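Quick caveat, the model's predicted, so the values are computed rather than measured. Per chain, numbering begins at 1; letters A, B, ... match sequence-line order.
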2 protein chains.
Amino acid sequence: MKWHDLNGDTCPLARAMGVIGDRWTLLILRECFLGVRRFDGFQKRLGVTRHLLAERLKRLETMGVLERRPYQERPLRHEYRLTTAGKEFAPVLLAMQDWAQHNLPSAEPAPFTFVTRDSGAKVCPVLTDRDSGQELNHRTVLMVPATTAASKVIEAHRRAPSTNSDLGPETDSSTISDTG
Amino acid sequence: MKWHDLNGDTCPLARAMGVIGDRWTLLILRECFLGVRRFDGFQKRLGVTRHLLAERLKRLETMGVLERRPYQERPLRHEYRLTTAGKEFAPVLLAMQDWAQHNLPSAEPAPFTFVTRDSGAKVCPVLTDRDSGQELNHRTVLMVPATTAASKVIEAHRRAPSTNSDLGPETDSSTISDTG
DNA sequence: ATAATGAGTTCCAAAATAGAACTAACAAAT
DNA sequence: ATTTGTTAGTTCTATTTTGGAACTCATTAT
């Protein structure tokens with residue numbers, strides 16, 4: 001499988017990994033959210049090689065996450081800014097930071113935090129359902145193959161509830177088709 | 001910079017990339033959430049080489065995201081299951097899937113969806129603040145360096161509000177220190 | 001006795017990444 | 001007028017990672 005193949009995958013998660021599935025891209029986005037916009041700014045703060053940085057910025061631009069725009073002429077210079085798609089990545093960053101802080105412990109505190117714009121209070125992110133307001137996590141949500149009627153999976157699940165519940169069905173099989 | 005260096009980074013996002021910062025790991029987790037548990041199950045569904053799969057599963061185990069447990073003896077066989085840390089990754093997966101579906105379009109529909117366990121309705125994920133209930137996105141949240149007093153950043157921001165707001169401060173500088 | 005299953009490991013080729021030096025287009029300082 | 005500095009890259013080689021296929025090992029099924 002080639003790197004680029006993920007970008008055409010039908011699975012949105014695979015497409016997402018086609019964008020951020022490497023050591024640097026997410027860190028570049030982090031810097032964007034912190035206000036960095038220029039090549040040397042990214043390079044100095046991340047320590048990434050100039051070669052890779054150039055390649056990644058180009059890819060982010062191609063994918064519509066960043067846009068490259070001139071900020072001066074003579075000599076012509078460009079800076080990189082988050083597009084709307086890029087800015088909408090913020091909740092993913094928040095959820096990820098929250099997960100890592102709880103599950104990948106570190107001796108040092110995080111070098112930055114997320115605060116609300118109006119009060120400046122540190123945020124406590126929870127994913128919820130827009131309609132029901134219900135909290136969304138592995139206990140409340142199920143991941144179902146599109147071919148499977150959701151009701152069927154839920155019914156099967158109700159008949160054999162698991163003490164060890166997670167997002168998915170609890171069976172001993174190693175394939176999805178066996179569980180649906 | 002070596003791969004492994006990220007795992008000791010003070011930035012939680014960097015540590016997270018130390019776990020999922022490659023083409024395959026997140027897809028392996030996706031399969032876990034869909035109920036896959038065995039080596040050959042992952043291998044057949046993903047098409048990843050057996051070599052890399054073995055390496056990735058080992059790493060996920062080391063990082064405490066998956067646990068390896070015997071499911072039979074004679075011959076001894078193990079399966080991989082999400083630990084608590086692994087299950088808590090669900091909101092990240094949801095946020096990411098939602099972002100990709102909105103921002104990385106595809107001709108085909110997604111091969112799976114997230115539904116609530118109790119009603120089976122498709123979920124509509126929104127990140128909110130546990131305390132205020134406020135929606136968390138690039139318009140409501142600010143990412144601030146830990147050294148900076150949040151109030152300072154917000155005050156500066158209020159004096160020079162941006163029409164093009166994103167998570168971070170709006171300045172022309174390429175370094176953070178200039179903005180705080 | 002022969003094939004199949006499940007979970008890997010080993011080997012080599014191909015691709016990606018690291019690290020450093022080099023270029024181009026100008027501006028500022030001496 | 002020449003040297004130095006800035007910004008945004010590109011080019012080069014060496015090292016690491018990944019891809020692809022075949023091989024192992026223990027055990028069950030035919």
Side-chain angles (χ1 to χ4, degrees), chain A residues 1-7 14 17-28 31-32 36-62 66-81 172-175 178, chain B residues 1-7 14 17-28 31-32 36-62 66-81 172-175 178:
Chain A
M1 200 210 226
K2 296 279 155 56
W3 226 127
H4 195 73
D5 293 0
L6 285 175
N7 297 336
M17 290 322 275
V19 179
I20 60 155
D22 70 280
R23 299 199 220 6
W24 296 112
T25 303
L26 193 100
L27 302 182
I28 292 172
E31 296 304 312
C32 289
V36 177
R37 291 183 184 159
R38 297 182 188 175
F39 193 91
D40 276 27
F42 293 113
Q43 203 279 315
K44 288 196 185 74
R45 287 180 51 87
L46 294 173
V48 57
T49 65
R50 310 178 72 74
H51 179 49
L52 270 219
L53 178 58
E55 201 275 327
R56 294 298 185 256
L57 289 171
K58 212 167 285 174
R59 190 146 57 86
L60 284 168
E61 196 197 349
T62 304
L66 295 183
E67 62 174 337
R68 188 162 167 277
R69 58 158 86 160
Y71 67 88
Q72 71 170 37
E73 303 183 346
R74 323 205 47 75
L76 183 58
R77 292 278 179 266
H78 297 89
E79 63 180 10
Y80 297 87
R81 281 165 174 262
D172 284 318
S173 83
S174 60
T175 64
D178 291 338
Chain B
M1 200 209 227
K2 297 277 156 55
W3 226 128
H4 194 73
D5 292 2
L6 285 174
N7 297 336
M17 290 320 277
V19 179
I20 61 154
D22 71 278
R23 300 199 220 3
W24 295 112
T25 304
L26 193 102
L27 302 182
I28 291 172
E31 296 304 312
C32 288
V36 177
R37 290 183 185 158
R38 297 184 188 173
F39 192 93
D40 276 27
F42 293 111
Q43 203 278 317
K44 288 197 184 76
R45 287 181 51 87
L46 293 174
V48 57
T49 64
R50 311 178 72 74
H51 180 48
L52 271 217
L53 178 59
E55 202 276 329
R56 293 297 185 255
L57 290 171
K58 212 166 284 174
R59 189 146 58 87
L60 284 167
E61 196 198 348
T62 304
L66 294 185
E67 64 174 336
R68 188 162 166 275
R69 57 159 85 160
Y71 68 89
Q72 71 169 37
E73 301 181 350
R74 325 206 47 77
L76 182 59
R77 292 279 179 265
H78 297 90
E79 64 181 9
Y80 297 87
R81 281 165 175 261
D172 285 318
S173 84
S174 60
T175 64
D178 292 337

message: Set out, in order, the CA-CA distance, both residues' side-chain angles and the distance that settles side chain to side chain contact (heavy atoms under 4.5 Å, CB included) for D22(B) and R59(B), then state yes or no.
response: CA-CA 12 Å; D22(B) 71 278; R59(B) 189 146 58 87; 3.5 Å; yes
- request: Measure the distance from CG on D22(B) to P on dT17(C) and round it to the nearest whole Å.
  value: 11 Å
message: Let's see if you can work this out: which of dG8(C), dC26(C), dG20(D) has an atom nearest to the side-chain heavy atoms of H51(B)?
response: dG20(D)
Toward the 5' end of DNA chain C, by each residue's nearest nucleotide, L76(A) or V48(A): V48(A)
message: With a 6.0 Å cut-off (strictly less than), is the heavy-atom count around CD of Q72(B), excluding the residue itself, greater than 12?
response: yes
task: State which of dG19(D), dT28(D), dG8(C) makes the closest approach to the side chain of T49(B).
output: dG19(D)
query: How long is the line joining CZ of R37(A) and P of dA8(D), in whole Å?
result: 13 Å
statement: Of dT27(D), dT17(C), dA8(D), the nucleotide closest to the side chain of R74(B) is dT27(D)
message: How many whole angstroms separate atom CG of L53(A) from atom P of dT11(D)?
response: 16 Å
Nearest-nucleotide pick for R77(A), side chain only, options being dA7(C), dA25(C), dT27(D): dA25(C)
- line: From the candidates dG9(D), dG19(C), dA8(D), the one with an atom nearest any side-chain atom of Y80(A) is dG9(D)
query: Between dA16(C) atom P and M17(A) atom CE, what is the distance in whole Å?
result: 16 Å
query: What integer distance in Å separates Q43(B):CD from dA22(D):P?
result: 14 Å
- prompt: In terms of the nearest nucleotide of DNA chain D, which residue is placed more toward the 5' end: R56(B) or H78(A)?
  reply: H78(A)
task: Ignoring the backbone of F39(B), work out which of dG19(D), dG8(C), dT17(D) is nearest its side chain.
output: dG8(C)
Pairwise distance CH2(W24(B)) to CZ(R56(B)) - rounded to 0.5 angstrom: 10.0 Å
- prompt: Which pair of heavy atoms, one from I28(A) and one from F42(A), lies closest together, and at what distance?
  reply: O-CE2, 3.7 Å
message: With side chain to side chain contact (heavy atoms under 4.5 Å, CB included) as the criterion, how do F39(A) and H78(A) come out once you've worked through the C-alpha distance, each side chain's angles and the decisive distance to 0.1 Å?
response: CA-CA 9 Å; F39(A) 193 91; H78(A) 297 89; over 6 Å; no
query: How long is the line joining CD of E55(A) and P of dA18(C), in whole Å?
result: 11 Å
- prompt: Counting side-chain heavy atoms from CB outward, which of dA27(C), dG8(C), dG9(D) is closest to R68(B)?
  reply: dG8(C)
query: Can you tell me how far C1' of dA4(C) sits from NZ of K44(B), to the nearest Å?
result: 11 Å
message: Counting only side-chain heavy atoms from C-beta out, which of dT28(D), dC12(D), dA22(D) sits nearest to R50(B)?
response: dA22(D)
statement: W24(A) CH2 to dT17(C) C1', in whole Å, measures 10 Å
